[in-house]
Protein chains: 2
Amino acid sequence: MSARQESMASLTTDVAYQAIRGKILSGEIKGGEWLREAELAVQLGVSRTPVREALGRLVADGLAFHEPNRGVRVGEWTIGDFNEIYDLRLLLESYGASMAATNPETDVVLLRKLADEMTNIAESDSPQYAHLTDLNNTFHHAILTFSGNSKLATILASIVQVPLVRLTFARYTRAELLRSMNHHREMVDAFEARDAKWAEAVMRSHLRSGWSAMQGFISVQHLDE
Amino acid sequence: MSARQESMASLTTDVAYQAIRGKILSGEIKGGEWLREAELAVQLGVSRTPVREALGRLVADGLAFHEPNRGVRVGEWTIGDFNEIYDLRLLLESYGASMAATNPETDVVLLRKLADEMTNIAESDSPQYAHLTDLNNTFHHAILTFSGNSKLATILASIVQVPLVRLTFARYTRAELLRSMNHHREMVDAFEARDAKWAEAVMRSHLRSGWSAMQGFISVQHLDE
DNA sequence: ATCTCCTATTTGGTATACAATAATTTTTGA
DNA sequence: TCAAAAATTATTGTATACCAAATAGGAGAT
């Protein structure tokens, strides 16, 4: 099982999936809206068939919901959902960090490089948030990979997913941003020391403080759109 | 998001999904075998369309794998996979147990009823293993529900899944079976005492001992078929 | 106003056709 | 003989057309 994944390069269906997913993530299609097969098909210039398969995948990964004989509609997320997601993320990622800390396969050099680069970006005058987000994703994903449990990254991807995408570093205060960067570097130190408990604790702090920072503007976001 | 799920009652596709899934779980279709669309379609007396959707769902929940322009084939599972799965199960279910212990919504009466009924069955002369398995699933699922995190049960279902289905209580020694029943009852005691740490510890013991019992005959299973 | 019936819309499913791709077999050429 | 090339075959991926069933919404009747 382990390695192979074959992430479905089958052109049309995949394009449709990515396109619709993008519309949801970007907010172009809002929560609760219907995803009409025919409409999307003409919009994307494909037939209903790949659209249906794409919708099936969106439903499968929890981004949308299927109502029999009615169709598929985009999911809506409450603060309670975010809370549940963050609790699980805390549980799984801190476990991953503790496992990665004692795994000899863990590439500490890579992680440090990522942490340092993120710090540089964050400390610049006008941080490139998009790049920062990419590096951050890479960093967290790498840790999960180094945990040695190949299922871990998959599961987390299926939980964390979409709804958090719009909550980016751009919303952090400067203090929050710098603290986040400090966490990254401290985590690498913990890995270097092969200290599982330390790594786990830093990851907990990191995610918890991130969640705390986000909670503020989630309600705002709900109000102004 | 929380409650609603709309578990797709759309006849044909669902029937196909269940049928193919059943063939995999029962071992009729073995790991590594191809799932041919046309073949399955005639076998099930439906067209290729619902078969394709069913295969998509099987791929989505990790039971099968897609190889572009080649088709879908049933996954193969190694002992390493089982290990990873059990580690995650331990993490998530013990978390669930600890949360359920202090949740006032937890229906201790129901759980005790289940635990007692399982004990009765296990202590009888010829235990009805199928019924025992059902009750056990209900018991574990109920705890996850009482954890208060609605995502927890979903995630676990997506991990534990299939590959473990064939590893049933029927393979347990009498001692292992009775110990498992003791764990269930002890867990209810921990819930009644609202002792999160206790509940968590019992769940850890429970799953770890179960995994230990299974490890033995997994290799056997691999050899004799 | 409420209930019933009708109609439009949309899904869920079938059937069929066909291009693209990968595997297999056959043929070719040294 | 045997490896490379070419032809054949099998199967997926997509499109298209069509139809039954279900739902929503509105017209009309009570």
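Chain identifiers are assigned alphabetically (A, B, ...) following the order of the sequence lines, protein sequences preceding nucleic acid strands; residue numbering begins at 1 within each chain.
- With sequence neighbours left out, R36(A) forms a salt bridge (charged side-chain N to carboxylate O under 4.0 Å, His left out) with no residue at all.
- Relative to the six-membered ring of F65(A), R73(A) misses at least one condition, a distance below 6.0 Å or an angle of at most 45° to the axis.
- Heavy-atom minimum distance, M181(B) versus A122(B): CG-CB, 3.6 Å.
- Over its full length, the helix from dA1(C)-dT30(D) to dA30(C)-dT1(D) turns its helical axis through 0°, comparing axes from the five pairs at each end and rounding to 10°.
- Between T13(B) and the phosphate of dG12(C), there is no side-chain N or O to OP1/OP2 separation shorter than 4.0 Å.
- The salt bridge (charged side-chain N to carboxylate O under 4.0 Å, His left out) test applied to E93(B) returns R89(B), not counting sequence neighbours.
- With hydrogens and angles ignored, the 3.5 Å screen pairs no side-chain donor or acceptor of N103(A) with any backbone N or O of S147(A).
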All N/O contacts under 3.5 Å from nucleotides 6-10 of chain D to the protein, with atom names and distances to one decimal?
none

Polar atom pairs (N or O), protein with nucleotides 19-24 of chain C, under 3.5 Å:
residue : atom : partner : partner atom : Å
dA23(C) : OP1  : R70(B)  : NE           : 3.0

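- The side-chain hydrogen bond (donor to acceptor under 3.5 Å, both in side chains) test applied to N83(A) returns W211(A), not counting sequence neighbours.
- For DNA chain D, the residues of residues 40-53 of chain B within the heavy-atom distance limit of 4.0 Å (strictly under) are R48(B), R52(B), sorted by number.
- Atom CG of D14(B) is separated from atom P of dG12(C) by 12 Å (rounded to the nearest Å).
- When the salt bridge (charged side-chain N to carboxylate O under 4.0 Å, His left out) test is applied to R70(A), no partner is found at least two apart in sequence or on another chain.
- Not counting sequence neighbours, the partners of S209(B) by the side-chain contact (heavy atoms from CB on, under 4.5 Å) test are R179(B), H183(B).
- Judged as a side-chain contact (heavy atoms from CB on, under 4.5 Å), and not counting sequence neighbours, the contacts of S94(B) are E200(B), M203(B), R204(B).
- Between K151(B) and D87(A) there is no salt bridge, since none of the side-chain N atoms of the basic residue sits less than 4.0 Å from a carboxylate O of the acidic one.
- By the side-chain contact (heavy atoms from CB on, under 4.5 Å) test, A199(A) is found to be paired with A97(A), A101(A), A190(A), F191(A), residues two or more places apart in sequence or in another chain being considered.
- Residues passing the side-chain hydrogen bond (donor to acceptor under 3.5 Å, both in side chains) test with E105(A), sequence neighbours excluded: none.
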